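These notes are about the structure you will find just below.
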2 protein chains.
Amino acid sequence: MNSPADSAAVRRGNLSLVLRHIAAHGPCARTEIAAATGLVHATVTALVADLMTRGLVEEVGVTASGSRGRPRRLLHLVAERVRIVAAHVTWGDIRLVTAGVTGELIDAGRARHPGPFGPPEPMADAIATAVTEAVSPGPDVHLGRLVIAMSGPVTSGRAKAPTEGVGWHAPTLGALVAERLPGLSCPVEVVNDADLAALAEYHALRLPGTEGPSTVAYVKSDSGVGGGLLINGRIHQGSHGLGGEVAHLPVSLDGPRCRCGAHGCLTAYVSTHAVLESAGLGRESVPEGIDAALAELGRRLRAGEPRALATLDQAGHALGAAIQSIVGLTDAEEIILGGHLTDWIPWLTPGIDTRLAARRRAFPTLPIAVTPGVLGARAALHGAVQTGRDRVLADPAEVPPCRARPSQAHPV
Amino acid sequence: MNSPADSAAVRRGNLSLVLRHIAAHGPCARTEIAAATGLVHATVTALVADLMTRGLVEEVGVTASGSRGRPRRLLHLVAERVRIVAAHVTWGDIRLVTAGVTGELIDAGRARHPGPFGPPEPMADAIATAVTEAVSPGPDVHLGRLVIAMSGPVTSGRAKAPTEGVGWHAPTLGALVAERLPGLSCPVEVVNDADLAALAEYHALRLPGTEGPSTVAYVKSDSGVGGGLLINGRIHQGSHGLGGEVAHLPVSLDGPRCRCGAHGCLTAYVSTHAVLESAGLGRESVPEGIDAALAELGRRLRAGEPRALATLDQAGHALGAAIQSIVGLTDAEEIILGGHLTDWIPWLTPGIDTRLAARRRAFPTLPIAVTPGVLGARAALHGAVQTGRDRVLADPAEVPPCRARPSQAHPV
DNA sequence: CTATTTTTTTCAAGCTACGAAAAATTAGAA
DNA sequence: TTCTAATTTTTCGTAGCTTGAAAAAAATAG
């Protein structure tokens, strides 16, 4: 609240309010919008007319209402008008998705990049090229947002902070990519992929439009151990963009020494590498690769092989301690597990529950839900699309009016 | 952004913007306000006139500007117009402070209460009586806010959550107190005292009006171990108001068993009781009481007594592990230590630094400041006054116009 | 004493949301 | 079929807000 407000700000806010209601509550009539938002009928009419000139909203027919009176004219969000592009930059390549503003998938693709090390310009080139090829905006298609999800290994686990010599600042990369998209001037945003995954899983686990718990944490282990912290449904970035980073959460004062130099980090217990190694499925034992080793681990767990069971029991205890820290500090109500943790849940649960038992006894009325994620490896891209969508819905006034006349209401 | 906006909302926001600028940047002229806020001269004139009819702002003279041109008419916040009342409910009694909206102290007092257990009504009676006696609002004095800081032991460490049979919901208590203040209808707010202390220390450690780091944590140990988490300068409440609660943060998987049932909680290492016990200064050894034991501990530390030193070294390591959790999870940039921890800092620092060494090596450009608090036991009351002040400054339109004509500008 | 400079105020214009009344459009009743 | 009631949507006049330009106020410099 540090910038002055004027009537234009009021308009922006109310346009967004109406558009978000239409997006969340399916096709609906102007009366319903007025009732739900608290705006007056006349204002809703004006705002809807504005959204229609921008091509964001269309009439799709009328209700066959049983009662008498003028029928309701139903409005819905036009998917094709605004396009969201999401790019997930991982170790090896770039995965692209384009979607409509409703979130529905339009296209998916994959491209190579020059590797996560070295100067940022080649990476920006690669991303911009991939985006330009993927997007062919039609006459009345507006490119609303490009959201880039950065995978872990770029700068020592996080793309967001300029921490080590290797890698680049996310804002810099965003600006470089934006420069390289000549025709399509569209805002570019770079966000950590674990944070985006957290956001996506959080929304995937509840009905759209429903309010979830105010504080939620996400913990995943795949190519690395990472996580995200959501406060009031928003990503908590922290002072340097390292918020929600759980990899080096201390689990035991005298645990094994971690690569980072500390003792007893969570990574040392639940990283894919550590788990496979401890279960006797390290690179030497299973030279076929990680996927083969993971499959073998699954077989052994189901077969009840003692060493595999012991490994996951210990991992469960460590994860439980980390969750205890998270819950104690942030009062999170739900912990979502992602990556390989999803597959291991049956064997992790006993250890987790043991560590949480004390708090559950102390606060019997406050549940702590430990939930498996449902989106798998696609979570980060989902989250990126969702973020782009939220940005467009938050300020519809950014979308210019359509050239072509907006489609007329369907006569009935 | 889920409620409609209209011109009245614009007015409220801009009134607050101007008032907060005047409050933060001393006596200042309309031109400066216009330049700083981005509002236009004409608007600032109108808004200042509005604030003057409400008695919140006065002209205090003109600048003796060296240059030519019409002199600036300086505006300042009127302290006496709005009164803030803060009440700190501790184990034994109620401490009251009344202050002006500038934060300057007007009065302080103390009262008894019926004890933290049992039904909430007697406590509400006691608070309301104390407030009524303390506040004698003059003809043009507006009671802006009553902020009640609840001390730890009320419901198993936190007043904010309905967790155990003993104690009451903070919202309930707030409503009960509000009912019992007949003449003075004023909003009542109940907040955890550790959170308020965190807020107060955070602001005390930097110049007023200055932006601090976005994420800050506060850890204290006096009558209990507690803390608060500030995100973007605001208290993080969490899902159930337990956010920032550090007492049962796990420090070691196989540490001593805590009262809560878990092993290796922070409390077991740094609570006043645990420290005194471990140093051989428990209730049996020093029957004169806690204060005497603490004084003796200080003497032994300065004298280099080995057992005292070992105790605080271990406490430092435990605190370091907790800080490692806090920093890793929230990316806090500053950790403020309060309560007795402030006195023990010289002996805690080695352990803390040992635990933080790994992260400091991993992120050499990201500082982690561990700072002693400066407000001592008064921190919670300070924070309560600050909160009340913030609320009033956030919505000056709540303050009614003055009956009496506002004082005229001082002629020069 | 006049010109200049700087601050503050005044006033018309442009948006915005609101409230009441009118128009549109259907179902049911005569 | 025709009229009436009910419900949704639109139109229109009003009030409040900020803005921008012009006017007024109040000092200094020459």
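All values derive from a computational prediction rather than experimental measurement. Reminder, nothing fancy here: chain letters follow the sequence lines and each chain counts from 1.
- Spacing between atom CZ of B:Arg72 and atom C1' of D:dA27 amounts to 13 Å, rounded to whole angstrom units.
- Whole-Å rounding puts the B:Asp50 CG to C:dT9 P distance at 14 Å.
- Counting non-hydrogen atoms of neighbouring residues, nucleotides and ligands closer than 6.0 angstrom, the CZ atom of A:Arg234 reaches no more than 12 such neighbours.
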Restricting both atoms to N or O, compile the protein contacts to nucleotides 22-25 of chain C shorter than 3.5 Å, with distance only.
residue : atom : partner : partner atom : Å
C:dT25  : O2   : A:Arg70 : N            : 3.2

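- Contact annotation: B:Asn14 side-chain N/O to D:dC17 OP1/OP2 distance is not under 4.0 Å.
- Residue contacts shown for B:Ala29 are limited to sugar-phosphate atoms, with no base heavy atom under 4.0 Å away.
- When the nucleotides C:dT8, D:dT19, D:dC17 are ranked by their closest atom to the side chain of B:Arg11, D:dC17 comes out on top.
- D:dA6 atom C1' lies 14 Å from atom NE2 of A:His41, rounded to whole Å.
- As rounded to whole Å, 19 Å separates atom P of C:dC15 from atom CG of B:Asp6.
- Side-chain atoms of A:Thr63 do not come within 3.5 Å of backbone N or O of A:Pro71 as any donor-acceptor pair.
- Among the nucleotides D:dC17, C:dC18, C:dT16, the one closest to the side chain of A:Val40 is C:dC18.
- Using a cut-off of 4.0 Å between Lys/Arg side-chain N and Asp/Glu carboxylate O, B:Arg12 and B:Glu398 are scored as not salt-bridged.
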**Request:** Could you please spell out the steps behind the salt bridge (charged side-chain N to carboxylate O under 4.0 Å, His left out) verdict for A:Arg30 and A:Glu59?
**Result:** CA-CA 11 Å; A:Arg30 291 170 178 81; A:Glu59 293 192 342; 2.9 Å; yes
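- Nearest-nucleotide mapping onto DNA chain D: of A:Ala5 and A:Thr45, the residue sitting toward the 5' end is A:Thr45.
- The pair A:Arg391-A:Asp395 fails the salt-bridge criterion, with no side-chain N (NZ, NE, NH1 or NH2) lying under 4.0 Å from an Asp/Glu carboxylate O.
- Using a 4.0 Å cut-off between a side-chain N of Lys or Arg and a carboxylate O of Asp or Glu, B:Glu58 and B:Arg81 do not qualify as a salt bridge.
- Looking at A:Thr387, its side chain does come within 3.5 Å of a backbone N or O of A:Gly383 through a donor-acceptor pair.
- Distance, B:Arg30 CZ to C:dT6 C1': 14 Å, rounded to whole Å.
- Set against D:dT19, C:dT7, D:dT11, the side chain of B:Thr43 has D:dT19 as its closest nucleotide.
- The CG-C1' distance, from A:Leu39 to D:dT9, rounds to 15 Å in whole Å.
- Comparing atom distances between the A:Ser7 side chain and each of D:dT9, C:dC15, D:dT19 picks out C:dC15 as nearest.
- Atom P of nucleotide C:dT7 and atom CZ of B:Arg68 are separated by 13 Å, given to the nearest angstrom.
- When heavy atoms are screened at a 4.0 angstrom cut-off, B:Thr31 is found touching the sugar-phosphate backbone but no base atom.
- Here the C1' atom of nucleotide C:dT16 and the CZ atom of A:Arg12 are 13 Å apart, to the nearest Å.
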